[in-house]
Chemist: 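Below you will find the structure I want to go over with you.
What you see is a predicted model; the values in this text were computed from it and never measured. Residues take their numbers from the sequence shown, with the count starting at 1.
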Amino acid sequence: MNAIRTATASSGPTPLPAGFRAHAGAAGLREEGDDVVVVVNDGPSPASSAVFTRSRFAGPSVVLSRENAVGGRARGVVVVAKNANVATGEQGMADAREVLEHAAAAVGAAPGEMLIASTGVIGRRYPMPLLRAHLDSVAGAAFDADAVALAGAMMTTDTRPKTATADMTTTTGGTARVVGIAKGVGMVEPDMATMIAVVFTDAAVTPGALDTAFRGAVDATFNCLSVDTDTSTSDTAIALASGVAGPVDDVELRRALEAVCLDLTLQLARDGEGATKLLTVKVTGARDRAQAKRVAKTILNSPLVKTAVHGADPNWGRVAMAIGKCQDDTDIDPERVRIVFGDLETYPAFPGDAELERLTEIMRADEVTIAVDLGVEGGGVEGGVADGACTVYGCDLSREYISINADYTT
């Protein structure tokens, strides 16, 4: 696989892989700028995979997309920004179905072949007159939007569009592309996928192979992301394959999908609401990956750890505190635990004044990495596989986060 390339709004257009047509337009849901995305797959062998929030308050978009995703043959997606259409009752469900119908008609697909995703304020119905008029007006129009335009149209409090690309070699020696877009900077603590992410590829793959590869990539990336511990009602991650470029090896597919999803995950973490630093927590030496992830997320999500990182306060004891909150993990022995910031061990080294000054400098960086070896008996690497390890990604907690969310609807 070629090295991953990241595209931003300033790096020029990023075309979608062969076989896809896309539209980004302004229906009037936000004061200015695009707020509706429609993408359709015209490829010879369309395949799809999708994972959704496990929130008990999942919105109509998630409910309908779950239905249409069965079988792995979805051909397209419509995304509505600035309105989540969640907790809107039977009428909200009817509105979502109508949006699907209008989007499908605009691209010549059946409503059952389309998925829908929404993002924005909860408890407000879609402004249906605006959406009807816009979707009906784009039927027959040029669908030539690139990935950066699509990512920009999905944003809410994001400060920049997020896209990533990777290349794969097909089994016949050609090149297949993977292009991903994502949005989400708050209410991000995935419980399956996260925010809204759509990944496109022109590789020819079966729905089963795509689903296996995509779910594995999501679990290693989006599911290891947290901004604020809050799981969205609308989280959706979708993968669509057109088949135009030809078949690829399953391992190559997984690597490319994971590379794109990881790049998007890091962009999301860096752009977390009010974030000033990328925070990475690596846990090794756990009983299994589940324990490693649980401990890593507990550290990452601790408000005291996040605020210490924000202020470059060398209060490394907050990491020890966070590990200690995992009270059901009785096989964690504090005497076997090791805590490292960057390359500086803080426990059990018990740093003095000089080391604490160095720790302050480490924490002043734009990226802070905390590594923890739990030293659980039997944990670690078995058969060359790090079963007892997990890396998670997030950001610091700043005053700006409070300001953004205190005034979110006002």
Chemist: Output, in order, the C-alpha distance, side-chain angles, deciding distance and verdict of side chain to side chain contact (heavy atoms under 4.5 Å, CB included) for Tyr393 and Leu262.
Modeler: CA-CA 10 Å; Tyr393 312 93; Leu262 177 58; 3.6 Å; yes
Chemist: Would you indicate whether Glu90, at its atom CD, is surrounded by more than 12 heavy atoms from other residues, nucleotides or ligands within a distance under 6.0 Å?
Modeler: no
Chemist: Using ring-ring contact (aromatic ring centres under 6.0 Å, His included) as the criterion, list what pairs up with Phe143, not counting sequence neighbours.
Modeler: His23
Chemist: Ignoring hydrogens and angles, tell me if any N or O in the side chain of Arg399 forms a donor-acceptor pair with the backbone of Ser403 under 3.5 Å.
Modeler: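 Between the backbone of Ser403 and the side chain of Arg399 there is no qualifying donor-acceptor contact (under 3.5 Å).
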Chemist: Glu113: what forms a side-chain contact (heavy atoms from CB on, under 4.5 Å) with it, not counting sequence neighbours?
Modeler: Arg75, Ala109, Ala110
Chemist: Mind checking side-chain contact (heavy atoms from CB on, under 4.5 Å) for Ala182 and listing every partner two or more places apart, or none if nothing turns up?
Modeler: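 Per chain and number, Ala182 pairs via side-chain contact (heavy atoms from CB on, under 4.5 Å) with Met195, Ala197, Leu264, Leu268.
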Chemist: Run the side-chain hydrogen bond (donor to acceptor under 3.5 Å, both in side chains) test against Arg73 and tell me which residues pass, sequence neighbours left out.
Modeler: none
Chemist: Do the side-chain N and O atoms of Asp271 and Thr159 include a donor-acceptor pair separated by under 3.5 angstrom?
Modeler: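 Note: Asp271 and Thr159 side chains meet the donor-acceptor criterion.
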Chemist: Do Thr280 and Val392 come close enough that some side-chain heavy atom pair is under 4.5 Å?
Modeler: no
Chemist: Do side-chain atoms of Asp249 reach the backbone of Glu252 as a donor and acceptor pair under 3.5 angstrom?
Modeler: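 At least one qualifying donor-acceptor pair exists.
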Chemist: Can you list the residues that meet the ring-ring contact (aromatic ring centres under 6.0 Å, His included) rule with His310, with sequence neighbours excluded?
Modeler: none
Chemist: Applying side-chain hydrogen bond (donor to acceptor under 3.5 Å, both in side chains), name anything that partners Arg66, two or more places apart in sequence or on another chain.
Modeler: none
